[in-house]
Protein chains: 2
Amino acid sequence: MFSKACEYGIKAAIFIALKSYQGERVSLKDIAAKIDSPEAFTAKILQKLAKNDIVDSIKGAAGGFEIEKHKIASIQLAKIVDAIDGDSIYIGCGLGLNKCSEDHPCPVHHKFASVREELKKMLESTNLEELALGIKSGASYLKT
Amino acid sequence: MFSKACEYGIKAAIFIALKSYQGERVSLKDIAAKIDSPEAFTAKILQKLAKNDIVDSIKGAAGGFEIEKHKIASIQLAKIVDAIDGDSIYIGCGLGLNKCSEDHPCPVHHKFASVREELKKMLESTNLEELALGIKSGASYLKT
DNA sequence: CTTAAACAGGACAAAATTGTCCGAATTAAT
DNA sequence: ATTAATTCGGACAATTTTGTCCTGTTTAAG
């Protein structure tokens, strides 16, 4: 469904949000360990998230990643997915047709529409705060 | 959402169904041209569909691919997807956790459940016959 | 000022996916 | 029998995705 990069990005963002919520800044090393991802690859993804204003990166000793507390609740899953995988998940044709629209649909166009719509709604209505709280409360997990 | 291989596989199956419905057998060359796919790559995919008993392949001159008429309506999209991409789309975790279940869910487990369920229902309730008829009637297209 | 901890980013490497080529086997038609 | 049309399948190649490494830069702390 999502690329590995996107999976790591979502998990990293959730972990950073969780820690930022508690006033802590986290290092790449920490993140990779807690979400069980390859460190250097995760670094690249965090750069993307930083460039898309989803996380703040602070250089130097005692540096790391954080998200401003007041922003956590306003960052939707959709924003993260879009930053990493782009919008193909919303707009692309399910069968890869170059031109696939209402008046030139692929065979599964209408069948897919509702699934895609549901996915879109889900991504747009889910924010980092609730996901971080799920981890904090032990209701959900970031690895294994 | 689906791999390229799966996209080609679905389109190929629809085209073969359409022609079989009209009593015609089709060649690889024909298929690739009509669904706008790379010929040799499509050949590999058709082999998979044949091994999974979704299409019949007939060797030799005047050979080609076909689907027994009476089977067309009973072949669900899900069967094709499963033959090519496997079942990861149904059972895999949205965030790539090795172990993701009701009592050890990833952060988006429950949010994803409904989307995945909708996708599954869609794939299981859509069969080749209706897709082929959509092409036949001009209601949908296999390329561009 | 020096050092150590951290991120940035370019170059590289590995793996997976996508795609190509070609010889072998099969079969219908002549 | 020979030929031509066709699929099969193995080996290979290109591309994309995933992942690693190393050097440089920034910054806090001693």
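Every chain is numbered from 1, with letters handed out A, B, ... down the list of sequences. As the structure is a computational prediction, the values presented were derived from the model and not from experiment.
- What separates CG of L28(A) from C1' of dG19(D) is a distance of 13 Å, to the nearest Å.
- Between I45(B) atom CD1 and dT7(D) atom C1' the separation is 15 Å, expressed in whole Å.
- For Y8(A) and dT18(D), the shortest distance from a side-chain N or O to OP1 or OP2 is not below 4.0 Å.
- The nearest whole Å value for the distance from the CG atom in L49(A) to the P atom in dA8(C) is 11 Å.
- Within 4.0 Å (heavy atoms only), I58(A) reaches sugar-phosphate atoms of the nucleic acid but no base atom.
- Between C6(A) and F65(B), the residue whose closest nucleotide on DNA chain D is further toward the 5' end is F65(B).
- Classification of E7(A) and K4(A) as a salt-bridged pair holds, one side-chain N sitting under 4.0 Å from a carboxylate O.
- Considering only the side chain of S27(A), dA6(C) comes nearest among dA6(C), dG9(C), dT18(D).
- Other residues, nucleotides and ligands contribute more than 12 heavy atoms inside 6.0 Å of the NZ atom of K99(B).
- Annotation: of the two residues near DNA chain C, A62(A) and K51(A), the 5′-most nearest-nucleotide partner is A62(A).
- K59(A) places its NZ atom 11 Å from the P atom of dC7(C), with the value rounded to the nearest Å.
- For K4(A), the listed nucleotide lying nearest its side chain is dT18(D); candidates were dT20(C), dA8(C), dT18(D).
- The main-chain N or O of E130(A) is found under 3.5 Å from a side-chain atom of N127(A) such that the two form a donor-acceptor pair.
- Within 4.0 Å of K48(A), counting heavy atoms only, lies no atom of the nucleic acid at all.
- Remark: S57(B) is in phosphate contact with dC8(D), judged by side-chain N or O atoms under 4.0 Å from OP1 or OP2.
- Listed nucleotides dG19(C), dT18(D), dC7(C) differ in distance to S3(A); the shortest reach to its side chain belongs to dT18(D).
- What separates CD of Q47(A) from P of dG19(D) is a distance of 16 Å, to the nearest Å.
- Between the CD atom of E7(A) and the P atom of dT18(D) there is a distance of 9 Å, given to the nearest Å.
- Across all strands, K29(B) comes closer than 4.0 Å to no nucleic acid atom at all (heavy-atom distances).
- Atom NZ in K44(B) sits roughly 12 Å away from atom P in dT20(C) (whole-Å rounding).
- Distance F41(B) CZ to dC8(D) P: 16 Å, rounded to the nearest Å.
- The aromatic rings of H104(A) and Y141(B) sit parallel, their planes meeting at an angle under 30°, below the 60° perpendicular limit.
- The side chain of A61(A) approaches dA5(C) more closely than any other nucleotide in the set dG19(D), dG19(C), dA5(C).
- A side-chain contact (heavy atoms from CB on, under 4.5 Å) with T126(B) is found for exactly one of M122(B), E124(B), E129(B), namely M122(B).
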